[in-house]
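Inspection log for the structure reproduced underneath, given as structure tokens.
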Protein chains: 2
Amino acid sequence: MNDFTESTNCLDCTKSSACFKKLIPSELEFINQKKTQILYKKGETICKQGAFSSYVLFISDGLVKLYLESPNNKNINIKILKTSEFIGLSSIYGENIYNYSAVALEDSSICLIEKESLRKLLNDNGNFASEIIKWYCANEKQLFNKIKSLGHKQMHGRLADTLLYLCDESFNQKELFSKLSRQDIADFSCISTESAVRLLAELKNEGIIKLEGKHIRIIDKARLIEISKKG
Amino acid sequence: MNDFTESTNCLDCTKSSACFKKLIPSELEFINQKKTQILYKKGETICKQGAFSSYVLFISDGLVKLYLESPNNKNINIKILKTSEFIGLSSIYGENIYNYSAVALEDSSICLIEKESLRKLLNDNGNFASEIIKWYCANEKQLFNKIKSLGHKQMHGRLADTLLYLCDESFNQKELFSKLSRQDIADFSCISTESAVRLLAELKNEGIIKLEGKHIRIIDKARLIEISKKG
DNA sequence: ATAAATAATTGATATTATTCAATATTTCGA
DNA sequence: TCGAAATATTGAATAATATCAATTATTTAT
């Protein structure tokens, strides 16, 4: 993010997500009263797995890495979140804790929204709730893909999945890779950092990817997809 | 399931899920018009991954195994669904296909509900939608647990997770295990059938579980949890 | 600009888990 | 009830992957 002069009023927020468009002005005003906006510096932890979840978070501007922590001090990277995405939506119901951790990959402006207020809106406004459900549908599909990748593919396929995900056009790739380490890439694939490095070198030698400093560029996407499918 | 004389009218259905309790009588009547009830025999496929999803399914009475299929002809078992649970809820929005397959573990009575009608109810009734979101919150947590299990644990920990899940009181265990093969147990853990068999024998020898025909009984739950945690 | 800290790379080895093969057991239909 | 088919079990060989150790490159803080 670059601009911190961005308005903090929900009514004319340009970074708003699809679901907020379903709110009527009075509801937007209501939610505006119930939120605070906070700036997280690059590297700061935005939410911590297991911690008490007082708020649902919304990225008003920034880039965030979402990951699961395991007791053995290893992480599983789940996804990269961009501006206009929620963090910790699922803490709204159920247990009062965050199911994952999130760290700012760049300076990020985050809206903290009171869970109670969000719940009220969900109950009052079915259109709003439906948009949230839409989000959950897409989210579930993504998690199933992760499970398929981890459950049945071996290293090569898993790394291919990671690269295909990270190289998606929807990310500013140069930017993104400059903020990710080999360990991050390994943690997306759930392989050791050393294996990630070795496999990346292999892919480079076969002309499937190009390593330009930290940036990874896919040269032969078809073959990478092939590797992903083969597992 | 035992009784097929069960009423098929949503208004006095005793197998209804929490969310339907949020519907007003006219809405229940509406949904009653928009559903059909079908009996699936044991072993029959209720929904197929990738197939066109015309309906959202609801188990009015039965027991169902939900699993992901991978191209290499291997399956990942996700969960066992019981009476009053939805199948394929996420096909309601997004792509018009089922993200997973489901098979009847016993003769099961399934309600097929028109997606369009369900969408209407979600838009009209925020309380109903909120209950669905509650379900998604719990569902997400479960999927994260699966990801943690697959991503970082090795065979022992993964099998322990499977056994702890399957031996939960919420299932009729004798019944359940009689319907699951070693392959099923392996597919929950994403390990080979042979490995599952070997590890079960190990656990038996160490007095952690007891093998009684097809039924598996946990003797030393504390140690099994230990194994699960250690990974 | 430089030293210290961190991250990336590579090779050798050890561990983990699958596959293949052979045998035993159970289930199921005629 | 019998025999075929499916499922379960066990062992040995092989493959996949992590770990450990050493080295090089990069980043960061002074």
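A, B, ... follow the sequence lines: proteins, then strands. Residue 1 opens every chain. Just so it is clear, the structure is predicted and the values come from calculations on it, not from any experiment.
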Open item on the list: How many whole angstroms separate atom CD of B:Gln183 from atom C1' of D:dT9?
Closed with: 14 Å
Open item on the list: I'd like to know if A:Lys74 pairs up with A:Glu69 as an ion pair, taking the criterion as any Lys NZ or Arg NE/NH1/NH2 lying under 4.0 Å from an Asp or Glu carboxylate oxygen.
Closed with: no
TODO: State, without any angle test, whether A:Tyr55 and A:Ser91 hold a side-chain donor-acceptor pair at a distance under 3.5 Å.
DONE: no
Open item on the list: Rounding to an integer number of Å, can you tell me how far B:Lys204 NZ sits from D:dA8 C1'?
Closed with: 13 Å
Open item on the list: Protein within reach of the bases, or only the backbone? For nucleotides 10-19 of chain D, mark each nucleotide 5' to 3' as B, S or -, using heavy atoms under 4.0 Å.
Closed with: BBB---SSSB
TODO: Please report, rounded to the nearest Å, how far the P atom of C:dT16 is from the CD1 atom of B:Ile227.
DONE: 14 Å
Open item on the list: Tell me if the CD atom of A:Glu114 is crowded by more than 12 foreign heavy atoms within 6.0 Å.
Closed with: yes
TODO: Report the relative orientation of the aromatic rings in A:Phe58 and A:Phe86; use parallel for angles under 30°, tilted for 30 to 60°, perpendicular for over 60°.
DONE: perpendicular
- [ ] Could you state the atom-to-atom distance from NE2 of B:His215 to P of C:dT26 in whole Å?
- [x] 17 Å
- [ ] Check the distance between D:dT7's P and B:Ile185's CD1 and give it to me in whole angstrom.
- [x] 14 Å
- [ ] Provide, to the nearest angstrom, the distance between the CG atom belonging to B:Leu159 and the P atom belonging to C:dA17.
- [x] 11 Å
- [ ] Using whole Å, report how far CG of B:Leu211 lies from C1' of D:dT7.
- [x] 15 Å
- [ ] For a salt bridge (charged side-chain N to carboxylate O under 4.0 Å, His left out) with B:Asp184, tell me which candidate from B:Lys79, B:Lys214, B:Lys179, B:Lys65 qualifies.
- [x] B:Lys65
Open item on the list: Side chains of B:Lys153 and A:Ser70: any donor to acceptor distance under 3.5 Å?
Closed with: no
TODO: Please report, rounded to the nearest Å, how far the P atom of D:dA25 is from the CD atom of A:Glu212.
DONE: 20 Å
